[in-house]
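To start, the structure itself, in C-alpha cells.
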Amino acid sequence: MADRGKKGPIRLAVVVSHPVQHFISFYQSLAAQSEIDLVVFYASRMGVEPYFDAEMRTEITWKMDLLGGYEHVFLPEADGIKSTAPLSVNNPSISDALDSFDPAVVLIYGYSQVTMLRALRWCRRRKVPAMMIADSTPRVPQAGWRRLAKKVLVPKLLDQFACFLTVGDRNEDFYRQYGIADERLFRSPFTIDENRYRAARKDRQALRAGTRQALGIGEDAIVALCVGKLSERKRVRDVISAAERLRGG
C-alpha cells in the first residue's frame, strides 16, 4: 500500500453505479488537473452497454464516449449488475479496489446502494475522508414507519461523511433537514462539455435554423425544452402547462 502522506498528486477515488453521461465532463475536468490523481470505480457497465430503463419502458444507449479522458475501473461484478436498484448494486470487491489505489479521499454517489455503503465503511475503517454527491431533495413526508426510520437512520449515516458536494438549493435543503451544517456543504453543479458548448455557440444561428427546419418549427415559434426522462416523476406535465400559459392556452 502506498504512503498516503507522501507529496504528489492527491489520489481521488470516485465510486459510482455506472457511467452517466452528464458526469463524464466532471471526471475529465478533474483528470486534467495535475494536482489530482483520479480513478473512477464503476459498479456496473450500464450505459456503456445498452440497458432497459423500466421507468421509460425502453432500452437506452448513449451515443457518446463515456470512458475517454480519465482513468476508470469496472469492478469485477460489473458484468452481472443490470439494475441500479439499491440491493442490485452490490460489489464486495470495492474494498480490495480501494485498498489497491489507496486514495486520500473518496467521492461516493449517494448512500442507498450497497456498494456505496461498502465504500463508506472502507473509508471509516481506513480513516479516509468520504465526500458524498447526490441530487436528493426534500420530499412529501412518507407514511408512518418509513418517515420515522429515515428520521433516525439517515442523520447517523450522513454524519459519517466529511462533506457534501451539492447541486442546487433544494439539494442543500435536503441535507439541512437532517441536521447537516452549512460549513459541510460545497456547491458543485453538474458540469457540461464546455468545448462542445462553445463550438455550438459559435455556429448557433445555423444550428438553430437547421434544427427548426428538421422538426418543422417556425422561425418565430417559442420552444419549451424539457431535459429528462418522460416520466411522471420528472413532472414533464409542468413544463407543458407552463408552455400553454405562455401562449395563452
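Hydrogens, waters and symmetry mates are skipped; everything else that's a heavy atom, side chains included, is used.
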Original post:
Hey, are E77 and S93 close enough side-chain-wise for a donor-acceptor pair under 3.5 Å?
Top reply: yes
Subject >> Geometric cation-pi criterion R184 and F161, 6.0 Å radius, 45° cone >> reply: no
Closer than 3.5 angstrom, by distance alone: can the side chain of [X] be matched with the main-chain N or O of [Y] as a donor-acceptor pair?
X    : Y    : value
Q33  : S29  : yes
D159 : P155 : no
R212 : G218 : yes
S112 : P86  : no
R126 : P103 : no

Original post:
Which residues satisfy the side chain to side chain donor-acceptor pair (under 3.5 Å) test with R208, sequence neighbours excluded?
Top reply: E219
Contact check, side chains of [X] and [Y], non-hydrogen atoms, under 4.5 Å:
X    : Y    : result
D37  : L12  : no
F164 : I180 : yes
T166 : Y175 : yes
E183 : C163 : no
F23  : Y109 : yes

Subject >> Heavy-atom closest contact (P138 atom, Q177 atom, distance) >> reply: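 Closest heavy-atom pair between P138 and Q177: CB-OE1, 3.8 Å.
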Subject >> Minimum heavy-atom distance L120-L157, with the two atoms named >> reply: CD2-CD1, 3.7 Å
Subject >> F190/H22 aromatic ring centres below 6.0 Å >> reply: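 Centroid separation for F190 and H22: below 6.0 Å.
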Subject >> Transitive ILVMFWY cluster of I192, excluding itself - 4.5 Å side-chain cut-off >> reply: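 Grouped by the 4.5 Å side-chain rule, Y197 form the rest of the cluster around I192.
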Original post:
Which of these passes side chain to side chain contact (heavy atoms under 4.5 Å, CB included) with I94: M116, R121, R118?
Top reply: R118
If you count the non-hydrogen atoms of other residues, nucleotides and ligands that lie under 6.0 Å from [atom1] in [X], is the total more than 12?
X    : atom1 : result
I217 : CD1   : yes
R187 : CZ    : yes
L215 : CG    : yes
R204 : CZ    : no
Q213 : CD    : no

If Ile, Leu, Val, Met, Phe, Trp and Tyr residues are connected whenever their side-chain heavy atoms lie under 4.5 Å apart, and connections chain through other members, are [X] and [Y] in the same group?
X    : Y    : answer
L230 : V223 : no
Y70  : W62  : yes
F52  : L87  : no
L158 : V106 : yes
I133 : F186 : yes

Subject >> Straight-line distance of L67 CG to Y27 OH, nearest 0.5 Å >> reply: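 Taking CG in L67 and OH in Y27, the distance rounds to 11.0 Å.
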Subject >> Contacts of D173 that satisfy salt bridge (charged side-chain N to carboxylate O under 4.0 Å, His left out) - sequence neighbours left out >> reply: R170, R176
